[in-house]
Amino acid sequence: MAEQTTRATEPSPGGPVRLLLVDDQPLLRVGFRLVLEGDEGLQVVGEASDGAEAIRQVAALKPQVVLMDVRMPGMDGIEATRLIAASHPETRVIILTTFDLDEYAFSGLQAGASAFLLKDVAPEELIHAVHVVASGDAVVAPRVTQRLLETYVRGAHRQPDGQPLPRDPMLEELTPRETEVLLAMAEGLTNGEIALKFFLSEATVKTHVRRILAKLHLRDRVQAVVYAYETGLVVPSNPDY
């Protein structure tokens with residue numbers, strides 16, 4: 001198994017974003033490395049070819065962001081993401097997939113990934129996504145993420161008799177405004193767009209988002225969107241639902 005590292009040092013404040021590339025295809029890793037290292041704010045500190053290797057590399061190299069393939073021999077990217085999210089919450093994972101309506105991508109979001117991207121993503125979009133995730137936010141592309149969630153959460157919030165599941169008691173912890181902000185997040189709106197919608201400052205929106213995540217015990221914005229769908233707060237608009 002191929003393993004490539006740079007140096008196992010602690011991330012330096014204000015330094016480049018430290019990245020780990022995880023994919024069982026060496027040529028894909030080379031391609032991603034060339035794109036990412038073209039940005040002076042990014043540094044690829046290591047590579048791994050399967051999930052088990054990725055976990056070892058995260059422990060040794062402490063990357064801020066992991067680009068994680070899902071289909072790999074041995075431990076797949078979903079299990080690796082779950083273990084990394086549990087043991088290294090400061091490390092963010094971006095799932096890489098070959099097509100948008102991918103059950104593996106949805107499982108990756110459930111496991112704790114902060115984003116998923118298609119492998120043929122444009123270079124500038126990839127670089128932007130890495131910077132956004134490294135900053136502590138999450139990448140929610142409204143159309144793609146909504147279609148993904150509507151496809152794989154369809155029916156998940158209904159009982160066998162077709163009736164909706166009881167409302168999650170944790171939602172009662174949210175204020176009416178926080179509930180509105182959560183719904184807006186599920187629409188894929190940015191903080192700026194939410195601020196305009198509710199005539200708030202972006203700083204106020206950020207405060208609401210932090211409180212929502214804390215009250216619902218969620219990792220980041222993507223987890224909040226998944227939660228909104230899984231609990232039935234958002235009803236899929238898919239006409240086949």
Chemist: Restricting to non-hydrogen atoms, name the atom on V226 and the atom on Q110 that form the minimum distance, rounded to 0.1 Å.
Modeler: CG1-CG, 4.4 Å

Chemist: May I ask you to test the V70-L96 pair for a side-chain heavy-atom distance under 4.5 Å?
Modeler: no

Chemist: When you compare the side chain of E180 with that of I194, does any pair of heavy atoms fall below 4.5 Å?
Modeler: no

Chemist: Can you confirm whether L196 sits close enough to L189 that some side-chain heavy atom of one is under 4.5 Å from a side-chain heavy atom of the other?
Modeler: no

Chemist: What is the minimum heavy-atom distance between S114 and V133, and which atoms define it?
Modeler: CB-CG1, 4.0 Å

Chemist: Quick one: are T231 and M170 in side-chain contact, heavy atoms under 4.5 Å?
Modeler: no

Chemist: How far apart are the closest heavy atoms of R29 and A48, and which atoms are they?
Modeler: CD-O, 3.7 Å

Chemist: Can you name the closest pair of heavy atoms from L117 and A129 and give their distance?
Modeler: CD1-CB, 3.8 Å

Chemist: Do D69 and L28 come within less than 4.5 Å of each other through their side chains, counting heavy atoms only?
Modeler: no

Chemist: With heavy-atom distances below 4.5 Å as the criterion, would you say the side chains of V181 and V209 are in contact?
Modeler: yes

Chemist: Side-chain contact test, heavy atoms from C-beta onward, threshold under 4.5 Å: evaluate it for I127 versus V35 and give yes or no.
Modeler: yes

Chemist: Linking Ile, Leu, Val, Met, Phe, Trp and Tyr through side-chain heavy atoms less than 4.5 Å apart, which residues share a cluster with V30?
Modeler: L34

Chemist: Do the side chains of F32 and L126 get nearer than 4.5 Å, heavy atoms only?
Modeler: yes

Chemist: Rounded to the nearest 0.5 Å, what's the gap from CZ on R71 to OG1 on T97? Could you check?
Modeler: 5.5 Å

Chemist: Quick check: closest heavy atoms across D24 and P73, and the distance to 0.1 Å?
Modeler: OD2-CD, 3.4 Å

Chemist: Side-chain polar contacts of residues 84-93 - donor-acceptor pairs under 3.5 angstrom, sequence neighbours left out - could you list them?
Modeler:
{"unit_1": "S87", "atom_1": "OG", "unit_2": "L83", "atom_2": "O", "d": "3.3"}
{"unit_1": "T91", "atom_1": "OG1", "unit_2": "P63", "atom_2": "O", "d": "2.9"}
{"unit_1": "R92", "atom_1": "NH1", "unit_2": "D220", "atom_2": "OD2", "d": "3.3"}

Chemist: Not counting sequence neighbours, list each pair that qualifies as a salt bridge (charged side-chain N to carboxylate O under 4.0 Å, His left out) and has a residue in residues 197-216.
Modeler: E178-K215, E187-K197

